[in-house]
*Asks:* 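First the structure, then my questions, so here it is.
Chain letters run A, B, ... following the sequence lines, proteins first, then strands; residues in each count from 1.
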2 protein chains.
Amino acid sequence: MRVTLADIAKACETSLSTVSRALSDPDKVNPQTRERIQRVAREMGYMTNPIARALAVGRTGVIGLIVPDIANPFFPPIIKAVQARAGRKDTAVLLADTDEHAADELERARVLSKQVDGLIMVSPRTPEDRLAEFVQLAPVVFVNRQVEGAPSIIIDNSDGITQAVQHLVALGHRRICYLNGPRRSWSNDRRRAALKEACAKYSVELIELGPFEPQVQAGVHAADLVQASGATAVIAYDDQIALGLMARLAEHRLQVGRDISVIGIDDSPMSDVAYPTLTSIHVPGAEAGAVAVDILLAQLDADDADPAPVVQLETRLVIRGSTGPAPTQRLVTTESIGPLLGGEIPSRATRRTD
Amino acid sequence: MRVTLADIAKACETSLSTVSRALSDPDKVNPQTRERIQRVAREMGYMTNPIARALAVGRTGVIGLIVPDIANPFFPPIIKAVQARAGRKDTAVLLADTDEHAADELERARVLSKQVDGLIMVSPRTPEDRLAEFVQLAPVVFVNRQVEGAPSIIIDNSDGITQAVQHLVALGHRRICYLNGPRRSWSNDRRRAALKEACAKYSVELIELGPFEPQVQAGVHAADLVQASGATAVIAYDDQIALGLMARLAEHRLQVGRDISVIGIDDSPMSDVAYPTLTSIHVPGAEAGAVAVDILLAQLDADDADPAPVVQLETRLVIRGSTGPAPTQRLVTTESIGPLLGGEIPSRATRRTD
DNA sequence: CTGAAAGCGCTTACAG
DNA sequence: CTGAAAGCGCTTACAG
């Protein structure tokens, strides 16, 4: 079986306590015995049992990480960053994916909370009024959502979004469309607010569509609505939606970056791969993950009652191939979706805009 | 503080043992006391401490999952499937990402093995001769790699690959190129072998390039080599490479699906999104993950020495937009990369193939 | 610096 | 069916 402290104690003809100290608190034991114990432990292949240790000290060395959807490319970089940072501090990561089911978040957190020292909640979808319950469960830090009285790493979208609008305005766009994210998404509210402000400032007409799920398929769906909207540029809630949108526009033989401009949000790895490459607002997910670990771990060591830090990370626009000058005149076919928009657009017709 | 069994025992004026039984082995206690204990436990908000339980019973209710790279879209569906299946059996998942560093796999497994009941190793890159060491550590099942004497869920590429070659042959392709995956990848060996066989069978000329890392950037890099090869169709080690390849070919104004055909492997979510959509060999990753959990959990309950199951999953071709008829004549510019291929191709020239 | 002992919160033979 | 007790493997005051 596995070798235990008792085995080593026997082999070294000393007490279990001394062995324990030699291994986990070396300064407290005589250098000679310490050396001997450590050598024997190594020879016997001893590895401390983290479960027993956890029970004794009340710390597991594990943190829980809850994300809405691993398959959404926005999250893997965050997960990787969390793991990397935690690993460097001898902390393992228990991961849970809620499949975008807001209602499951609390339950998952509740279960996980018993086996971890603390929780990192990434982009939680739980409604505002129940967020406090997480805080009761365990030390928790929120990423991508600001929670009253709890440490939060939030992303300030305004810089990136302002840059995006400026970029489009400089290219001559005057009518842009925003594809909303999920209805109760905190990020979406923030992005929308920033966008409204920027558009007002630059006198750009803003058309809103959605809400859409942060999935490629939603972008495909959005494409036809976008074409009907008469906008010359689109900003999507995230890259996933933007990608689906681009794919569908391409199917319709629209050349993105020339006939219509598209901007995503997240700057996920795929934005470099799409064709054309996707102009996107860089969201520092990895950084947020790493900072979250630092704050959580610091919090575990600290005396509770120091103020909950709120870290705000900046965004910035990364310009790629999907944005270009506004077309001076543009063909919009409204065949199938004209009716959706009411009387504004002559249906079953082709019209020019601008 | 947290409520313990002792608290409930006191509240119910019964013994701790009875409380324990009422909660975890209800049949062993008198219905009336059982009810009362369960009610009180609920009222007091009791949740069993999994750490203490683990120490007592020698089972943690956690399994470890080690993957090479969460950011590679092939893995998230597997991870999700593992979590879903494990969750249904009250098992949590401790995730580790090795960043494609084969050398880290054993160390990660070693550390994790102490805090989990068993391990699932997905696509391990560890060399053959060290694989046995995993088995010493803990109950382990391998996914996407066959390991002597250990339960393995493997993917049989031959069906999908044969279908791919048939498909290309039917479209008139006679010279196809394979972009190899990582040098010591077990999957790559298998895919290559299947491909050679299929090509031989259909008298198709097979050109091999690579090895390439399973990343988009590698595909971008491969594109120029592919163009120089004179192949009219390409099968890439995975979708990532295929996607990078397509993006770069598009930059070169080649129309994929018409000027050249591309087939990926994995059928990852992105293959539906790319433009053109990517013909790809479907690899049942999610299914493999779910089966791995079943086998691992079954193994934990079983008496060790029953034979290690090897489950073989099938692949199949999913045809999308990136494959089409072989061009009857095709322009290949070999300017920059001709020299790489030796004298076969006139360098700094344009030539016709077929 | 070292050892004996209590304790972390649970489970589970063993008696009764 | 129920209770007292031992034990899981470690840590850590407490004495010495």
Side-chain angles (χ1 to χ4, degrees), chain A residues 1-38 40-41 44-62 90 92 111 113-117 138 300-301, chain B residues 1-38 40-41 44-62 90 92 111 113-117 138 300-301:
Chain A
M1 260 320 300
R2 218 141 98 167
V3 9
T4 75
L5 288 187
D7 298 330
I8 301 176
K10 198 171 300 173
C12 291
E13 293 179 310
T14 176
S15 79
L16 195 158
S17 325
T18 301
V19 174
S20 174
R21 288 194 198 94
L23 263 21
S24 56
D25 202 352
D27 287 341
K28 289 194 175 157
V29 26
N30 174 303
Q32 297 190 10
T33 36
R34 183 207 305 158
E35 297 300 335
R36 187 162 46 90
I37 291 173
Q38 292 181 340
V40 172
M44 296 178 72
Y46 174 78
M47 293 193 71
T48 145
N49 178 332
I51 304 292
R53 175 167 222 288
L55 187 60
V57 303
R59 272 250 239 172
T60 63
V62 180
D90 295 315
V111 172
S113 68
K114 301 301 162 205
Q115 33 198 329
V116 301
D117 297 330
L300 295 181
D301 297 325
Chain B
M1 258 323 302
R2 217 142 98 168
V3 10
T4 74
L5 288 187
D7 298 329
I8 301 177
K10 197 171 302 170
C12 292
E13 292 179 310
T14 176
S15 79
L16 196 159
S17 326
T18 302
V19 175
S20 174
R21 288 196 197 93
L23 264 22
S24 56
D25 203 352
D27 287 341
K28 289 195 176 159
V29 26
N30 175 302
Q32 298 190 10
T33 38
R34 184 207 304 158
E35 297 300 336
R36 186 162 47 89
I37 292 174
Q38 291 181 339
V40 172
M44 297 178 72
Y46 174 77
M47 294 194 69
T48 144
N49 177 332
I51 304 293
R53 175 166 222 290
L55 187 60
V57 303
R59 272 251 237 169
T60 63
V62 179
D90 294 315
V111 171
S113 68
K114 301 302 161 203
Q115 35 198 329
V116 300
D117 297 330
L300 294 181
D301 296 325

*Asks:* Could A:Lys10 and A:Asp7 be called an ion pair, given the rule that one side-chain N must be under 4.0 Å from one carboxylate O?
*Replies:*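 Salt bridge between A:Lys10 and A:Asp7, a charged N being under 4.0 Å from a carboxylate O: no.
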
*Asks:* Do A:Met47 and B:Ser113 come within less than 4.5 Å of each other through their side chains, counting heavy atoms only?
*Replies:*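 They are not in contact (no side-chain heavy atoms under 4.5 Å apart), so the answer is no.
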
*Asks:* Side chains of B:Ser17 and B:Ser20: any donor to acceptor distance under 3.5 Å?
*Replies:*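 No, B:Ser17 and B:Ser20 have no side-chain donor paired with an acceptor closer than 3.5 Å.
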
*Asks:* Could you tell me whether the side chain of A:Thr14 reaches within less than 4.5 Å of the side chain of A:Thr33, counting heavy atoms only?
*Replies:*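 A:Thr33 vs A:Thr14: side chains apart.
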
*Asks:* Just the rounded figure in Å: distance from P of D:dT2 to NZ of B:Lys28.
*Replies:*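 B:Lys28 atom NZ is separated from D:dT2 atom P by 13 Å.
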
*Asks:* Between D:dC10, C:dT2, C:dG9, spot the one nearest the side chain of A:Arg53, thanks.
*Replies:*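 The answer is D:dC10.
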
*Asks:* State, yes or no, whether a side-chain contact exists between B:Leu23 and B:Thr48 at a heavy-atom distance under 4.5 Å.
*Replies:*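 Contact flag for B:Leu23/B:Thr48 side chains = no.
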
*Asks:* Under 4.0 Å between a Lys/Arg side-chain N and an Asp/Glu carboxylate O for A:Asp25 and A:Arg34?
*Replies:*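 Here A:Asp25 does not pair with A:Arg34 in a salt bridge, since their nearest N and O are not under 4.0 Å apart.
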
*Asks:* Test for a donor-acceptor pair under 3.5 Å between the base of C:dA4 and the side chain of A:Ser15, counting only N and O atoms.
*Replies:*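 For A:Ser15, whose side chain was compared with the base of C:dA4, there is no donor-acceptor pair (under 3.5 Å).
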
*Asks:* Roughly how many Å is it from CD1 in A:Ile51 to C1' in C:dT11, rounded to a whole number?
*Replies:*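 Whole-Å distance recorded here is 15 Å.
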
*Asks:* Select from A:Leu55 and A:Val29 the residue whose nearest nucleotide in DNA chain C is closer to the 5' end of that strand.
*Replies:*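 The residue mapped nearer the 5' terminus is A:Val29.
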
*Asks:* Check DNA chain D against residues 20-27 of chain A and give the residues with a non-hydrogen atom under 4.0 Å, in numerical order.
*Replies:*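 Those residues are A:Ser20, A:Arg21, A:Ser24.
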
*Asks:* For B:Met47 and C:dG9, what is the distance between atoms CE and P respectively, to the nearest whole Å?
*Replies:*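 In whole Å, C:dG9 P and B:Met47 CE are 16 Å from each other.
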
*Asks:* Suppose we define a pair by two distances each less than 3.5 Å, Watson-Crick or G-U wobble; what does C:dC14 pair with here?
*Replies:*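 Because both required distances fall under 3.5 Å, C:dC14 counts as paired with D:dG3.
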
*Asks:* With a non-hydrogen cut-off below 4.0 angstrom, is B:Leu16 in contact with a base, only sugar-phosphate, or nothing?
*Replies:*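 Base, at least one base atom sits under 4.0 Å.
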
*Asks:* Indicate, with a heavy-atom threshold strictly under 4.0 Å, whether A:Ser17 touches base, sugar-phosphate, or nothing.
*Replies:*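 If one applies the 4.0 Å heavy-atom cut-off, A:Ser17 turns out to touch a base.
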
*Asks:* Check the pair B:Arg59, B:Asp301 against side chain to side chain contact (heavy atoms under 4.5 Å, CB included), reporting the backbone distance first and the verdict last.
*Replies:* CA-CA 11 Å; B:Arg59 272 251 237 169; B:Asp301 296 325; 2.4 Å; yes

*Asks:* Specify the residue among A:Thr18 and B:Ala6 whose closest nucleotide of DNA chain C lies further upstream toward the 5′ end.
*Replies:*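 By nearest-heavy-atom nucleotide position, the 5'-most residue is A:Thr18.
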
*Asks:* In whole angstrom, give the distance that lies between atom CZ of A:Arg36 and atom C1' of C:dT2.
*Replies:*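 In whole Å, C:dT2 C1' lies 12 Å from A:Arg36 CZ.
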
*Asks:* Nearest to the side chain of B:Ala52, which nucleotide is it out of D:dC1, C:dC10, D:dC10?
*Replies:*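 Looking only at heavy atoms from C-beta outward on B:Ala52, the closest nucleotide is C:dC10.
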
*Asks:* Could you give the distance separating D:dG16 and D:dT12 at their C1' atoms, to the nearest angstrom?
*Replies:*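 Between the two C1' atoms, the distance is 16 Å.
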
